[in-house]
Amino acid sequence: MVHFVGAGPGAPDLITVRGAALLREADVVIYAGSLVNPQLLSDCKPGCALHNSAGMTLPEVLAVMERAEAAGKTTVRLHTGDPSLYGALREQLDALEERGIAYDVTPGVSSLFGAAAALNAELTLPGVSQSLIVTRLAGRTDVPQGEALRDFARHGTSMALFLSAGLLERVREELLAGGCAPDTPAALVYRATWPDEKTVRCTVDTLAAAGAAAGIRKTALVLVGGFLGAPYEKSRLYDPSFTTGYRRGGA
Ligand code: SAH
């Protein structure tokens, strides 16, 4: 059996209880060494075979899984954050399906949520934004037509950009081309939840300059939107005059 597990954003105590248990029981662990905190591996059982996928190809990863399966062993494939976001998950699941190898997926805390927490931010703020666009700038990996950053920028909603921290000048240009006001609040969060986490608040217009000044080029998220700014409305859920399924509001 192969367990795909989200490791969380970095802090070792941000893996789920289920993920940690699977990791403790694994005979073989294949971990994304560039972003997974190695401290998580210290609880693996003695003799557990550790493979860092940073230097491996997909066929090599699959070969490790196949060998483990043939020997009746349990494998954990440890992905950074949540495996469903930019995790190259599907190609592994499909390959296991073809080989008749059983698997399951345990979610993780995405770095997106690690970053929001680092900023004490609410991504869906009443009166400001009730939607979140999770995307990336086209780089060496293309994005499909209709998913250009400038097209998303037109919505004026909360946005989280993965894999784009090395391209901040282009991020700025795309956001402005899509009609974002230059003073739209923005933030960079570097290595959210790690001991060397850095947060930088800026605007769309100052994104590239702020990133350069802080020396941030990778392992960072770009967050954009009015949710990072001052004005908002209070939630109706907790409004004393608002009746909900659980509470009758006063006059
Ligand atoms: N599945 C992961 C994302 C993997 S893609 C998740 O859910 O978080 C790798 C990108 O994620 C990086 O380029 C960076 O944009 C972001 N990232 C991963 N860990 C991060 C962290 N601790 N802080 C900020 N960004 C992070």
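Both counts, for ligands and for their atoms, begin at 1 and track the order of listing. These numbers were taken from a predicted model, which means no experiment stands behind them.
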Donor-acceptor pairs are to be reported for all side-chain atoms of residues 49-58 against protein atoms at under 3.5 Å, with residues two or more places apart or in another chain.
residue : atom : partner : partner atom : Å
N52     : OD1  : G33     : N            : 3.0
N52     : OD1  : A54     : N            : 2.9
S53     : OG   : Y31     : O            : 3.1
S53     : OG   : R77     : NH1          : 3.2
T57     : OG1  : E60     : N            : 3.3

Residues that D205 engages under salt bridge (Lys or Arg N to Asp or Glu O under 4.0 Å), provided they are two or more places apart: R172
Salt bridge (charged side-chain N to carboxylate O under 4.0 Å, His left out) contacts touching residues 122-150 (sequence neighbours left out): R150-E174
Within the 4.0 Å heavy-atom sphere of ligand 1, strictly under, residues: P9, L35, T80, G81, D82, L85, Y86, S110, S111, F162, L163, V189, R191, A192, W194, T219, A220, L221
Distance, nearest 0.5 Å, that separates CG of L123 from CZ of F113: 7.0 Å
Point-to-point distance, once rounded to the nearest 0.5 Å, from CD1 of I15 to OG1 of T106: 8.5 Å
Parallel, tilted or perpendicular: ring planes of Y86 versus F162, cut at 30 and 60 degrees: tilted
